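Here's the structure we're looking at; comments come further down.
Remember, predicted model here, so these are calculated numbers, not experimental data. Lettering of chains follows the sequences in order, A, B, ..., and the numbering in each one begins at 1.
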Amino acid sequence: MKILVTVKRVPDPEQKVKFKGTSVDVSAANWVINAFDEYAIEAALRLNENAATGEKLGETIALSIGPKDVSQQLRSALAMGADRAILVGGADEELDSFAVARIVKAVVEREKPDLLLMGKLATDGEASQVPQLCAALLDWPQATFAAQITANAEGLEVKREVDTGIEVKQVKLPAVVSVDLRIISPTAVVNGKTPATHAYQEGPRYASLKGIMAAKKKEIKEISLADLGVKAAPVTKLVSAEPPAGRKAGVKVKDVAELVSKLKNEAKVL
Amino acid sequence: MLYTDEHSKLRQTVRRFVEQEINPHVDAWEEAELFPAHELFRKMGKLGLLGITKPADCGGQELDYSFAVAFAEELGRCNCGAIPMAIGVQTDMATPALARYGSPALKAEYMTPTVAGELVAAIGVSEPGAGSDVASIKTTARKDGGDYIINGSKMWITNGMQADWICLLVNTGEGKPHENKSLVVVPMNAPGVNRAKKLKKLGMWASDTAQLFFEDVRVPQSNLIGGEGMGFFMQMQQFQEERLFGAATTLLGLDRMIQETITYTRERQAFGQSILDNQTVHFRLAELQTEVESLRALVYLTTERYVANKDDFEVVKLASMCKLKAGRLARVATDACLQFWGGMGYTWDSAVARSMRDMRLLSIGGGADEVMLGIICKLMGTLPRRKKS
Ligand SMILES: Cc1cc2nc3c(=O)[nH]c(=O)nc-3n(C[C@H](O)[C@H](O)[C@H](O)COP(=O)(O)OP(=O)(O)OC[C@H]3O[C@@H](n4cnc5c(N)ncnc54)[C@H](O)[C@@H]3O)c2cc1C
């Protein structure tokens with residue numbers, strides 16, 4: 001099937017967050033692909049291949065919105081195995097969830113994919129809004145926080161983990177699916193072509209050296225907002241951002257007796 | 001030398017691979033004094049990491065040597081020296097001559113599966129009686145019909161217990177010691193090959209280092225790499241990549257050791273201040289970091305020259321300098337850092353103690369410091385000529 005995967009760049013979560021006045025300072029950020037988007041790419045690649053024979057079953061297109069540098073993250077997606085990429089030019093500060101959803105919708109209308117596959121959230125803002133907004137704007141069925149995806153004759157069966165257990169959804173295509181962490185476990189994606197016995201390596205695949213060199217030659221098509229006929233026009237405004245209050249260092253206890261006494265007398269939770 | 005976006009993507013892949021597939025197992029492998037070479041190399045082969053500079057007809061990527069250096073540098077993230085060394089033997093010590101001078105049939109039989117990680121390779125140069133003085137090796141290959149019959153022994157052979165084949169330096173004639181040698185591919189399961197023993201070592205525990213005996217080992221003459229008598233020359237050429245690779249793998253290890261020493265000494269208090277606040281400590285660490293950066297610059301410079309021209313004589317000198325400086329610096333830096341870790345550093349399981357044990361090899365293996373100095377002097381024109389006896 002034809003799958004459009006969204007790829008957002010975020011500051012490396014392992015880097016310390018810096019603040020400048022009342023906003024997060026990203027001037028020295030080390031940009032990486034949002035982890036959940038990387039999982040979405042992995043899921044798309046698994047849906048679109050027969051892992052036993054290497055046969056390709058469809059096209060995987062990576063889409064990112066942002067400054068030109070985002071092409072770096074798109075190249076990483078191409079190195080993993082995506083076929084081509086689209087970069088919509090935009091300034092980070094003008095891209096709130098609603099703006100992004102409208103831009104994605106415009107690209108979907110051009111590309112007409114069978115599936116819009118997205119990360120459940122971006123690790124920078126953790127808004128978790130875009131997939132749902134996209135589904136609403138496109139008037140497509142949605143299945144969010146997918147932990148397992150199985151392709152079948154009617155579309156996709158999506159399993160999602162909820163507090164009470166596993167919820168199973170069946171969506172017709174085209175659809176919007178957002179993925180959760182579990183989607184990268186060895187047998188989380190079933191496409192009917194890869195043998196059921198095949199177990200993937202846990203996690204998003206490594207970019208092989210061959211993939212890295214091949215990515216250099218793959219297309220990254222740049223589109224402007226004007227080309228798409230969309231204005232960013234954010235509807236939310238960031239008022240301020242500040243670091244959480246620092247925490248005091250903990251203490252080490254000698255033994256269980258001391259722990260219990262502290263929980264009783266100091267923390268007063270027992 | 002400027003790393004391109006492809007270099008950094010390669011480094012990202014290697015970094016993740018080291019963090020997920022190597023480092024979690026290092027302690028167990030060190031303890032076992034063995035790592036699962038076939039299993040690990042097969043995974044690396046799938047990612048194309050064992051054939052970075054190797055010809056495309058062997059399944060390699062045929063990239064220039066700067067990619068091998070980027071790879072080697074990133075392997076410095078391993079929490080030990082043994083694994084980068086074992087990998088280096090496979091990619092840059094046992095295989096450059098075969099890739100460059102091997103016949104198509106020989107490459108198909110040995111190079112291609114080695115690039116894929118199906119076969120494990122070793123390099124056999126040193127012998128019980130000949131290490132630094134390579135020209136004086138005693139192992140012989142005598143012609144018999146269409147075969148060679150090999151007799152002799154090799155010492156300190158990395159991957160020696162697990163290797164499927166070895167690139168063996170042998171004497172194929174009686175002539176002058178620089179003109180009578182050849183490189184021959186010997187399958188390790190050939191009758192007469194005896195993996196005599198795994199050697200216990202100061203460091204590099206996870207790597208299997210073996211003593212090997214060859215007793216009337218028969219291999220077809222088509223296993224000869226290049227021409228007869230070219231062995232010494234090809235081995236000297238092959239050493240360039242080994243030395244550059246070895247120097248490159250030390251860089252990140254030293255960086256990380258210095259960083260970890262900073263973190264530890266910043267936390268550790270004595271006499272009312274952190275250890276790090278003593279000027280002798282932070283100045284010393286600054287000095288060492290400066291030297292690491294200088295070594296890095298030298299490695300990059302040498303790589304640039306090597307990429308521009310593989311047969312540039314200046315590269316022989318520069319690669320020897322890289323190896324010399326890496327060995328010297330590693331000794332000084334591990335010693336200085338261990339000192340600042342105090343008793344904690346002296347404990348057997350500390351990372352800095354492991355670095356000290358592992359990196360001590362650099363000044364010995366692949367040509368001792370003094371041998372490097374000899375080469376540099378020769379190319380500087382300062383080495384006294386030996387009197388002919
Ligand atoms: C862990 C490990 C792995 C190894 N792996 C391999 C391998 O895979 N394949 C392989 O072929 N070999 C391997 N070696 C062998 C290594 O290359 C040799 O140990 C090295 O070349 C030194 O030779 P030697 O030990 O015989 O030292 P010697 O030649 O006996 O020299 C001893 C010392 O004498 C001094 N010296 C030597 N020559 C001179 C000189 N001209 N001027 C002044 N001083 C001098 C140096 O300080 C030198 O360290 C390995 C060694 C070790 C320890």
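Checking each of Leu47(B), Leu50(B), Ile52(B) against Leu209(A) for a side-chain contact (heavy atoms from CB on, under 4.5 Å) leaves exactly one that passes, namely Ile52(B).
A donor and an acceptor atom, one from each side chain of Gln201(A) and Glu21(B), are located under 3.5 Å apart.
With Thr13(B) contributing its side chain and Ala207(A) its backbone, the two residues share a donor-acceptor pair below 3.5 Å.
Within a 6.0 Å sphere centred on NZ of Lys218(A), other residues, nucleotides and ligands contribute more than 12 heavy atoms. Counting non-hydrogen atoms of neighbouring residues, nucleotides and ligands closer than 6.0 angstrom, the CZ atom of Arg100(B) exceeds 12 such neighbours. No more than 12 heavy atoms of other residues, nucleotides or ligands lie within 6.0 Å of CD in Glu242(A), so this atom counts as exposed by the packing criterion. For CD of Glu126(A), the number of neighbouring non-hydrogen atoms (other residues, nucleotides, ligands) closer than 6.0 Å is greater than 12. Summarising the local packing, CG of Asp349(B) is surrounded by 12 or fewer heavy atoms from other residues, nucleotides or ligands at distances under 6.0 Å.
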Apply side chain to side chain contact (heavy atoms under 4.5 Å, CB included) to Ser8(B) and Gln72(A), showing your working.
CA-CA 10 Å; Ser8(B) 42; Gln72(A) 287 242 358; 5.6 Å; no

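Using a 4.5 Å cut-off between heavy atoms, Phe71(B) makes no contact with chain A at all. For Arg75(A), the parts lying under 4.5 angstrom from a heavy atom of chain B are both the backbone and the side chain.
Looking only at side-chain heavy atoms (C-beta outward), Lys210(A) and Lys46(B) stay at 4.5 Å or farther from each other.
Taking every heavy atom of both residues into account, Phe17(B) and Tyr206(A) meet most closely at N-CE2, 3.5 Å. When all heavy atoms of Glu6(B) and Ile212(A) are compared, the closest pair comes out as O-CG2, 3.9 Å.
Taking OG from Ser208(A) and CD from Gln61(B), the interatomic distance works out to 7.0 Å, rounded to the nearest 0.5 Å.
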